[in-house]
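Note that this is a predicted model, so its numbers are computed, not measured. All chains are named by letter (A, B, ...) in the order of the sequence lines, taking the proteins before the strands, and each is independently numbered beginning at 1.
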Amino acid sequence: MELFKALKTRRSVRLYSDKEIELSELNSIIEAATWAPTAGNAQPWFFIIVTKHQGLEDISNFSPGIISKPKAAIVACIDISRINKEDITNEDITVSIIDLAMACENIILAALDYNLGTCPVRSFNRVAISELLELPVNIVPQLIITIGYPKNQPKAPKKLDFNQVINYERYGVKSCER
Amino acid sequence: MSDNNKPYNNRINKITTGYIGYVFSSALGLFEEPKEYGPMRLLFAAEKAIELFEELGLCNELLKQLLVTINENKEFLLLDYKSLEKFIEKESIRLSRRVKEI
């Protein structure tokens, strides 16, 4: 799908059909994630793909933000061990989360190429999900992306007017003189 | 417990424990999430409870219909807080009437 069309037609899909997703497509979508920008090339991300029914049921039970039954879930984590510093600060964690967020956007857009819908979910029980997935302490879940073939195409949400979100050269300058 | 019943009993243990996990996770999330999420979380907890009752063979017709209704309106109710309130109020009346009849 052409990029700007993908950006504008992407929706958060919460209702999915029963159609299975090919593992090769899921792997390809994760590969797209790994090409996201990353500070100092740290690549501080780690993904767990869950496709089995029981695993999805268990994750959904501890994720109030998952409101339907996806065919797969991608648990997107930061891997703190990839932060190449002795004393890791809050800023280091923030930067890792920003890197992961950019990778997750790649997942969401790459999924569109396979006609798959996604929904990023932050409302989940982090300690319980870590326990369920047997994550080591350095792998910290930040986002769950549900994925599947959409049952419908949700309507576009109301977006802020373009002029409300942009200034030029410095804050307060609403027009660009060139 | 006979071995024949073990898979079924395991399933019951799994879904009942998982359900309580869902309710606890909803509660935990609400410490940080906007308070407006509360009613929606409870509605979806009710939905999960009905699914649980259905699997256990404990679901009456009203609850089965409620499950269908929640499913059909889910996406819309997520976006419209006032409609969510009206929906919950309407179904509360229906439930209380049913309880009165029993």
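If you check the side chains of A/Glu22 and A/Asn27, you find no donor sitting under 3.5 Å from an acceptor. The closest side-chain donor-acceptor pair between A/Ser28 and A/Tyr114 falls under 3.5 angstrom. Between the side chains of A/Thr146 and A/Arg14, no donor N or O sits under 3.5 Å from an acceptor N or O. Checked by atom type, the side-chain pair B/Glu33/A/Ser123 shows a donor-acceptor distance below 3.5 Å.
Taking a 6.0 Å sphere around CG of A/Asn90, one finds it holds 12 or fewer heavy atoms contributed by other residues, nucleotides or ligands.
Of the atoms belonging to A/Arg126, it is side-chain heavy atoms, and not backbone ones, that fall under 4.5 Å from chain B. Heavy atoms of B/Ile20 lying under 4.5 Å from chain A are absent altogether. Interface remark: B/Leu79 contributes no atoms to any contact with chain A (heavy atom separation under 4.5 Å).
Top candidate by heavy-atom pairs under 4.5 Å with chain A, chosen from B/Glu32, B/Met40, B/Lys74, is B/Lys74. Among A/Ser63, A/Ser60, A/Ser68, the residue making the largest number of heavy-atom pairs under 4.5 Å with chain B is A/Ser60. Between chain A and the options B/Ser26, B/Gly29, B/Ala45, the largest number of non-hydrogen pairs under 4.5 Å is found for B/Ser26. Taking A/Leu15, A/Asn152, A/Val127, A/Asn61 one by one and counting their heavy-atom pairs under 4.5 Å with chain B, the maximum is reached by A/Asn61.
Under the side chain to side chain contact (heavy atoms under 4.5 Å, CB included) test applied with A/Pro141, the options A/Ile78, A/Leu133, A/Val75 reduce to a single match, A/Val75.
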